[in-house]
Student: 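Structure incoming, see below.
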Amino acid sequence: MRRWARAAVVAVALVAVSCGGSETTETAVSITDPPQITRWVTVGGIEVPIGTTDGPRGGEWEPFAGFSHTPQGAALAAITQSVQLATASDRTWPTILSGVAAPGEGRDLYAAHRSLVEISETDPEMVPTIVGYTVDEYSDDTATVDVVQRFSDDSLASSTTQVVWIDGDWRLNLPSDDTTAVTALDGLPSELVDLEETRK
């Protein structure tokens, strides 16, 4: 079994969330302009990008928040919040969940399932590298982001994550039906917003 698939099972792969249609915003925005990255921080063994102006604000020891109301802010929310939730410890996951996920059936389902398992330290060979992302849909209220990851055997996968704009910030819209959206890739998408060159 390819490492990207095993990673999804052990919750190293990014949280996969439901996709839904939405109205297109009237404001002209670019979904392919990359965010300006100031640094990368390690969360649960996975490096995630921190934007200069698009967020998140605050430290990595608290739920990631404070994203710009832009496609770039939505993408950074999808990446950082997914990793933070997927790698949260047995002690911290309730705090992280309430801070990064929108209220609803999906969040309740996640909590019910997460309370039944214990997660030990992550196998370094399972840890993905965030390569970049594509934005499938974007409006003022919702965004669907495919986060592209590379694993230690050079295999590639993408995980589909939806975020919603609520209470002045982007938050994960977790699925309510146990679905996952992790897809093996043969190569990098042509429309990829590449983040690898921003690592320092």
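Computed from a predicted model, the values in this text were never measured in an experiment.
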Student: With heavy-atom distances below 4.5 Å as the criterion, would you say the side chains of S82 and V147 are in contact?
Tutor: no

Student: Just how far is it from atom OG1 of T161 to atom CG of D136, taken to the nearest 0.5 Å?
Tutor: 10.5 Å

Student: Provide the closest heavy-atom pair for P56 versus P49 in the form atom of the first, atom of the second, distance.
Tutor: CD-O, 4.3 Å

Student: Give the intermediate values and the outcome of side chain to side chain contact (heavy atoms under 4.5 Å, CB included) for residues V43 and T80.
Tutor: CA-CA 8 Å; V43 177; T80 59; over 6 Å; no

Student: Measuring from atom CZ of R114 to atom CG of D90, what distance do you get when rounded to the nearest 0.5 angstrom?
Tutor: 4.5 Å

Student: Going by heavy atoms in the side chains, are V41 and V48 under 4.5 Å from each other?
Tutor: yes

Student: Assigning hydrophobic clusters by single linkage (Ile, Leu, Val, Met, Phe, Trp, Tyr; side-chain heavy-atom cutoff under 4.5 Å), is V145 placed with W40?
Tutor: yes

Student: Would you find a donor on one side and an acceptor on the other, under 3.5 Å apart, between the side chain of T92 and the backbone of A88?
Tutor: no

Student: Which heavy atom of P103 sits nearest to which heavy atom of I166, and what is that distance?
Tutor: CD-CD1, 4.0 Å

Student: Are the side chains of L188 and L156 in touch, meaning some heavy atoms are under 4.5 Å apart?
Tutor: yes

Student: The criterion is salt bridge (charged side-chain N to carboxylate O under 4.0 Å, His left out); which residues satisfy it with E196, sequence neighbours excluded?
Tutor: R150

Student: Taking the side chain as every heavy atom from C-beta outward, state whether E105 and L174 have any atom pair closer than 4.5 Å.
Tutor: no

Student: Say you draw a straight line from CZ of R39 to CD of E47; how long is it, rounded to the nearest 0.5 Å?
Tutor: 12.0 Å

Student: Is there a donor-acceptor contact under 3.5 Å from the side chain of Q81 to the main chain of F64?
Tutor: yes

Student: Can you confirm whether more than 12 heavy atoms, excluding those of Q36, are under 6.0 Å from its CD atom?
Tutor: no

Student: Grab the two heavy atoms, one from P34 and one from Y133, that are nearest each other, plus how far apart they are.
Tutor: CA-OH, 4.4 Å

Student: Could you tell me whether a side-chain N or O of S155 sits under 3.5 Å from a main-chain N or O of F151, the two making a donor and an acceptor?
Tutor: no

Student: What pair of heavy atoms forms the shortest contact from A77 to W170, and how long is it?
Tutor: CB-CB, 3.6 Å

Student: Taking all non-hydrogen atoms of both residues into account, name the closest pair between A157 and L185 and its distance.
Tutor: C-CD1, 3.9 Å

Student: Let me check something: any side-chain donor-acceptor pairs from residues 66-73 under 3.5 Å, sequence neighbours excluded? List them with distances.
Tutor:
unit_1 : atom_1 : unit_2 : atom_2 : d
S68    : OG     : D54    : OD1    : 2.6
S68    : OG     : T70    : OG1    : 2.7
H69    : NE2    : D140   : O      : 2.7
T70    : OG1    : Q72    : N      : 3.4
T70    : OG1    : G73    : N      : 2.9
Q72    : NE2    : S30    : O      : 3.0
Q72    : NE2    : D33    : O      : 2.8

Student: Working to the nearest 0.5 angstrom, can you tell me the gap between L195 CG and T129 OG1?
Tutor: 12.0 Å

Student: Within a strict 4.5 Å, meaning less than it, do heavy atoms of the S89 and I119 side chains meet?
Tutor: no

Student: Quick check on side-chain contact (heavy atoms from CB on, under 4.5 Å): which of T183, D146, T134, V182 does T160 satisfy it with?
Tutor: D146

Student: Shortest non-hydrogen contact from Q84 to P63?
Tutor: OE1-CA, 3.4 Å

Student: If Ile, Leu, Val, Met, Phe, Trp and Tyr residues are connected whenever their side-chain heavy atoms lie under 4.5 Å apart, and connections chain through other members, are Y138 and V164 in the same group?
Tutor: no

Student: Can you tell me how far the CD1 atom of I37 sits from the CD1 atom of I50, to the nearest 0.5 Å?
Tutor: 8.0 Å

Student: Do I79 and I130 make a side-chain contact, defined as non-hydrogen atoms from C-beta onward lying under 4.5 Å apart?
Tutor: yes

Student: Donor-acceptor pairs under 3.5 Å, side chain of residues 93-100 to any protein atom, not counting sequence neighbours: which ones?
Tutor:
unit_1 : atom_1 : unit_2 : atom_2 : d
S98    : OG     : P94    : O      : 3.3
S98    : OG     : T95    : O      : 3.0

Student: Before giving the answer on side chain to side chain donor-acceptor pair (under 3.5 Å), spell out for S159 and Q149 the whole-Å C-alpha distance, their side-chain angles and the decisive distance to 0.1 Å.
Tutor: CA-CA 8 Å; S159 58; Q149 308 151 72; 3.3 Å; yes

Student: Go through the steps for S139 and D141 under the test side chain to side chain donor-acceptor pair (under 3.5 Å), then give the verdict.
Tutor: CA-CA 5 Å; S139 74; D141 301 322; 4.9 Å; no

Student: How many angstroms lie between OH in Y110 and OG in S176, if you round to the nearest 0.5 Å?
Tutor: 15.5 Å

